[in-house]
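Chain letters run A, B, ... following the sequence lines, proteins first and then strands; every chain starts at 1.
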Number of protein chains: 2
Amino acid sequence: MVQYPQPLDSSFSALSDGTRRGILERLRRGNASISDLADSFGMTLTGIKKHVRILEDAELVQTEKVGRVRTCSLGARRLEREKAWIAQHQQMVEDRFDRLDDFLRNS
Amino acid sequence: MVQYPQPLDSSFSALSDGTRRGILERLRRGNASISDLADSFGMTLTGIKKHVRILEDAELVQTEKVGRVRTCSLGARRLEREKAWIAQHQQMVEDRFDRLDDFLRNS
């Protein structure tokens with residue numbers, strides 16, 4: 001049985017929630033504290049912290065605590081492998097459907 | 001609070017498991033029955049069925065039952081929006097780091 005890289009698990013899993021994608025979209029515009037994010041998304045601090053923790057584990061977000069304020073910013077993860085996996089999938093799906101198309105046209 | 005499209009939830013969630021990505025990679029090479037997949041991945045039929053069901057719900061796989069055999073093939077989902085989301089994220093992350101770089105260079 002082939003082993004598949006675990007990092008893709010954590011990133012795709014992190015991206016599978018609308019609030020987490022929303023947090024990333026928010027952080028593209030600039031850093032934000034946990035409280036800012038809780039306000040923006042109408043969630044409790046505890047709820048937002050859980051989402052941020054998942055994004056941190058996937059290296060999509062990094063946080064720094066100064067005094068009582070934890071500031072979130074975009075992490076180092078570039079999602080290159082994730083995009084490459086999807087692009088390869090698309091290409092192979094297209095190829096399969098093209099071959100099926102040729103087969104149906106010529107039969 | 002902004003509403004985010006649910007379809008991205010189901011596709012990214014489906015892609016967040018190595019066995020499910022493996023099933024898609026296997027199906028790119030040709031259709032396979034549930035038993036074929038169970039053999040390939042060293043899993044029980046029940047275990048594979050659960051993964052296939054999640055892939056089916058995300059429209060990444062379609063299945064057809066003829067007699068007692070359920071055959072799996074690639075679904076209609078092209079993952080265009082998923083790739084676009086990631087590409088947009090990468091672009092904006094790059095832009096932010098470029099701006100930070102300029103700022104640090106000029107300060």
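- Considering B:Leu27, B:Val52, B:Leu79 in turn, B:Leu79 is the only one that fulfils the side chain to side chain contact (heavy atoms under 4.5 Å, CB included) rule with B:Leu60.
- Contact residues of residues 84-92 of chain A toward chain B are A:Trp85, A:Ile86, A:Ala87, A:Gln88, A:His89, A:Gln90, A:Met92 (heavy-atom distance under 4.5 Å).
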- For side-chain contact (heavy atoms from CB on, under 4.5 Å), just list the numbers for B:Leu8 and A:Leu15, CA-CA rounded to whole Å, side-chain angles, deciding distance to a tenth of an Å, and then say yes or no. CA-CA 8 Å; B:Leu8 289 184; A:Leu15 295 177; over 6 Å; no
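- Note on B:Lys83, B:Glu80, B:Arg29: by heavy-atom pairs under 4.5 Å with chain A, the leading option is B:Lys83.
- Minimum interatomic distance between B:Cys72 and B:Ile34 (heavy atoms only, all atoms of both residues): SG-CD1, 3.8 Å.
- In plain terms, the two heavy atoms of A:Met43 and A:Thr19 that are nearest each other are SD-CG2, 3.7 Å.
- Under the 4.5 Å side-chain heavy-atom criterion for grouping Ile, Leu, Val, Met, Phe, Trp and Tyr, A:Leu37 is not connected to A:Val69 through any hydrophobic cluster.
- Evaluated for a salt bridge (Lys or Arg N to Asp or Glu O under 4.0 Å) with B:Arg77, the options B:Glu59, B:Glu56, B:Glu82 yield exactly one hit, B:Glu82.
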